[in-house]
4 protein chains.
Amino acid sequence: MKKAKSQEKAEQSKEHIVLVAMRLFSTRGYHKTSTQAICDEAGISTGLLFYHFGSKENLLKSIVKMTLSKIDETLEHNGEEDPVQLLENIIDAFFDSLKENSQYWDLYMALLYQPDTKAQIVEEVSEHSTKFRRRVFELMEKMGRKDPAGDSFEFEVFRVGSFASYLANHNEKLLIQARKKIKERYLNL
Amino acid sequence: MKKAKSQEKAEQSKEHIVLVAMRLFSTRGYHKTSTQAICDEAGISTGLLFYHFGSKENLLKSIVKMTLSKIDETLEHNGEEDPVQLLENIIDAFFDSLKENSQYWDLYMALLYQPDTKAQIVEEVSEHSTKFRRRVFELMEKMGRKDPAGDSFEFEVFRVGSFASYLANHNEKLLIQARKKIKERYLNL
Amino acid sequence: MKKAKSQEKAEQSKEHIVLVAMRLFSTRGYHKTSTQAICDEAGISTGLLFYHFGSKENLLKSIVKMTLSKIDETLEHNGEEDPVQLLENIIDAFFDSLKENSQYWDLYMALLYQPDTKAQIVEEVSEHSTKFRRRVFELMEKMGRKDPAGDSFEFEVFRVGSFASYLANHNEKLLIQARKKIKERYLNL
Amino acid sequence: MKKAKSQEKAEQSKEHIVLVAMRLFSTRGYHKTSTQAICDEAGISTGLLFYHFGSKENLLKSIVKMTLSKIDETLEHNGEEDPVQLLENIIDAFFDSLKENSQYWDLYMALLYQPDTKAQIVEEVSEHSTKFRRRVFELMEKMGRKDPAGDSFEFEVFRVGSFASYLANHNEKLLIQARKKIKERYLNL
DNA sequence: CATGAATGAGTGTTCATTCAT
DNA sequence: GATGAATGAACACTCATTCAT
């Protein structure tokens, strides 16, 4: 019981560190955030961070893993319904996540386009995005679209464009408009 | 004349450093490229880089400025033609640039999504992209599109999506397909 | 207790660095003493100096603070006696300190007459010297001197002159003579 | 004739540099003043400074030499008069110089109390101050003072004290008062 | 679990000086 | 005389990481 308690505490501590680190990484940049700054902000000692995560690099991977699994949960939280409704749910989930996990997506973009950090996270990330692309393709097939491959390609480009545009300056109007446009184009046949 | 010679040499030296720096920044990442590494690779002394550019940050700005002005030249090298043709030229120029100045665009994405580097280049960059967006909007108007605002918005999102997708893994096929799609959608009424 | 031990060790480490730094600053000059030289001489790593003091400038301030507080202790270690005896004690304390803390006073003069270092220490120093001047004035009043203001002014000029002259070439005879003269003039009415 | 002209021009150029350098050295500090800053301020090229002076160290020596010889001129500009009048003239010349060549004396103090710069100027300076001390001693003898050695020692300590006190904070009142006190003590028997 | 003193390689930058023109 | 591009050693400082307690 004691162990369980201590473990739980450790988990809380780890999650707390992850949250603080994500905030700092996304607002200051990964390379501009020192491990010391994370420790200070999280109110822990230098040693504890390395006890839990081993390295700064590994802390970064933990952030990505933890956040992606949370987002996955949201995406998969769907009862089975008709494909159009499903795709709309996915679109909404993604665009909602963009605002809710804004910090994460900021970090995500930063990491993905820097050679050194990209190498660290590419594994965790690529699996996730492949799964997502396949999902959309399947839904478009079920929806009876003539060119599901072409359409899902277009869809993905548009989705990435929405993300990249929004994250470049956090313009909310852009986000609303993009969501509307993407629904118009790919939900109605 | 003597002065001209010496100035010319200095200009060459500066441009050489800029080129080397761009290559290293884009392949290794800005923060992972030391000024020393740039000097070594360029075959110059530590001091010369700072003599010419003053700081690493300023070197970065110089890269962005120099490249953007080159790209601008290409975009504006248009005789007057009908708007459809002009838009196609712009699309081609942009997608060509993506391959030709691939290094620059890699760097561009990395810089734009990192808070610290973004701050450094935002001024130089935003002017450029605003000008480009306005241009597309005007062309769409001239083409007689019903909703030039909505269409140019879509166009921009799609263009950004193409860029972001391509630069994430340098998949050439994706680029070809995206160019084709964007032409289909926005060149034919 | 454990904490106390570790803190104590840290305090020793800091004091050791201060002592080494003072020696090097005073013998080589502040600007000619690199932080690395201090670390080497003190047998510590580069990082530790900055861990404890944050900057070279702050190390300098710590030296001044620490030494001034030591000297203050000596000056104030007086039982209550008649003003003449008190003034003599103060004169002796000051002239003794000049020999005992010779390194500090060398540094003090160097710092005080350089614009950049002066700015760093002026705060710590001025308070100390004001307090001292006031003390002498009060004693001269108690001694019943006719012009305590004029006399304490003269006294201060003479004291500063003794210091400056001695520290310019470390001539011991000069110091003995100056101490004798100052006592003759300001202790006897 | 042409040569003379060119030489004259060179002398002007050299003197100009010396003046600029003295100003910068005294206001920013010797070590905090880069040769480049001097060149910029003087409106000359990097090379010219080194063409004229060979090194920063040598520029410093030139400043000291040039200024001391100017001050010497002032001190020696005396018709022969009675010793009391002569001493008063010397006192006045020195205290006037303190205000007129304030920049030089600031620099002088800074240099004299820093080990590295002291080594550079000690030769030029010590000769000058020895000569001055001897002069005062001789005058006190002629004035018929009982203890010319002791008095001239006191005088020197007081003079140095006045200088050091004034230069520590450039308090004009202090200077006036000190001049008055020194005349009272050593001009009247 | 947790602390924080200690490490040392690495960073961007400065600066006196040289030299071809 | 005069220029200014070029040099390279030195510098203050940072930071991920370790380890004794």
Side-chain angles (χ1 to χ4, degrees), chain A residues 3 6-7 9-10 13-14 31-39 44-59, chain B residues 1-3 5-7 9-14 31-39 43-59, chain C residues 1-3 5-7 9-14 31-39 43-59, chain D residues 3 6-7 9-10 13-14 31-39 44-59:
Chain A
K3 277 188 185 176
S6 138
Q7 248 185 338
K9 211 176 159 190
S13 177
K14 281 187 73 167
H31 293 289
K32 286 282 176 185
T33 305
S34 66
T35 52
Q36 195 54 56
I38 298 168
C39 294
I44 59 165
S45 67
T46 321
L48 193 56
L49 189 151
F50 286 88
Y51 174 80
H52 280 316
F53 298 97
S55 70
K56 190 185 182 185
E57 196 171 312
N58 207 52
L59 169 60
Chain B
M1 273 294 147
K2 279 174 190 171
K3 281 188 181 174
K5 217 173 185 176
S6 143
Q7 245 182 308
K9 208 178 159 190
E11 220 44 51
Q12 277 183 2
S13 178
K14 280 187 74 168
H31 294 289
K32 284 286 177 184
T33 304
S34 67
T35 53
Q36 198 49 58
I38 297 168
C39 294
I44 58 164
S45 66
T46 321
L48 191 56
L49 190 153
F50 288 91
Y51 176 75
H52 280 315
F53 298 98
S55 70
K56 190 185 183 185
E57 194 171 315
N58 205 52
L59 170 59
Chain C
M1 274 293 149
K2 278 175 192 172
K3 280 187 182 175
K5 218 173 185 177
S6 143
Q7 245 181 309
K9 208 177 159 190
E11 219 46 50
Q12 276 183 2
S13 178
K14 280 187 75 169
H31 293 289
K32 285 285 176 184
T33 305
S34 68
T35 52
Q36 197 51 57
I38 297 168
C39 295
I44 58 162
S45 67
T46 320
L48 190 56
L49 191 153
F50 289 91
Y51 175 75
H52 280 314
F53 298 97
S55 69
K56 191 185 181 183
E57 194 172 316
N58 205 53
L59 170 58
Chain D
K3 278 187 183 174
S6 140
Q7 248 184 336
K9 211 175 158 189
S13 179
K14 281 187 74 169
H31 293 289
K32 285 284 177 184
T33 305
S34 67
T35 53
Q36 196 53 56
I38 297 168
C39 295
I44 59 164
S45 67
T46 321
L48 193 54
L49 189 151
F50 285 89
Y51 174 79
H52 280 315
F53 298 96
S55 70
K56 190 185 182 184
E57 195 172 316
N58 206 52
L59 169 59

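These figures come from a predicted structure and were not determined experimentally. When reading the values below, keep in mind they use all heavy atoms of this one structure, side chains included, and skip hydrogens, waters and symmetry mates.
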*Has H52(B) got a side-chain N or O lying under 4.0 Å from the OP1 or OP2 atom of dG4(F)?*
no

Which residues pass the side chain to side chain donor-acceptor pair (under 3.5 Å) test with [X], sequence neighbours left out?
X: T46(A); value: Q36(A)
X: E57(A); value: none
X: S13(B); value: none

Side chain of [X] only, please: which of [options] is the nearest?
X: I44(A); options: dA12(F), dT3(E), dT7(F); value: dT3(E)
X: L48(A); options: dG1(F), dT7(E), dT3(E); value: dT3(E)
X: S13(A); options: dA6(E), dA2(E), dA16(E); value: dA2(E)

*What dot-bracket string describes DNA chain E from 5' to 3', counting Watson-Crick and G-U wobble pairs whose defining distances are under 3.5 Å, with [ ] for crossing pairs and | for pairs to another strand?*
.||||||||||||||||||||

_K14(C), NZ atom: more than 12 neighbouring heavy atoms under 6.0 Å_ = yes

Short heteroatom pairs, N/O only, protein and nucleotides 17-20 of chain E, under 3.5 Å:
residue : atom : partner : partner atom : Å
dT17(E) : OP2  : K56(D)  : N            : 2.8

*List for me each residue that meets ring pair (Phe, Tyr, Trp, His ring centres under 6.0 Å) alongside H31(C), sequence neighbours excluded, and say none if there are none.*
H31(D)

*About how many Å separate CG of L49(D) and CD1 of I44(D), when rounded to the nearest 0.5 Å?*
5.0 Å

*Distance from T35(C) atom OG1 to L59(C) atom CG, nearest 0.5 Å?*
9.5 Å

*May I have the distance from L49(B) (atom CG) to dT14(E) (atom C1'), rounded to whole angstrom?*
13 Å

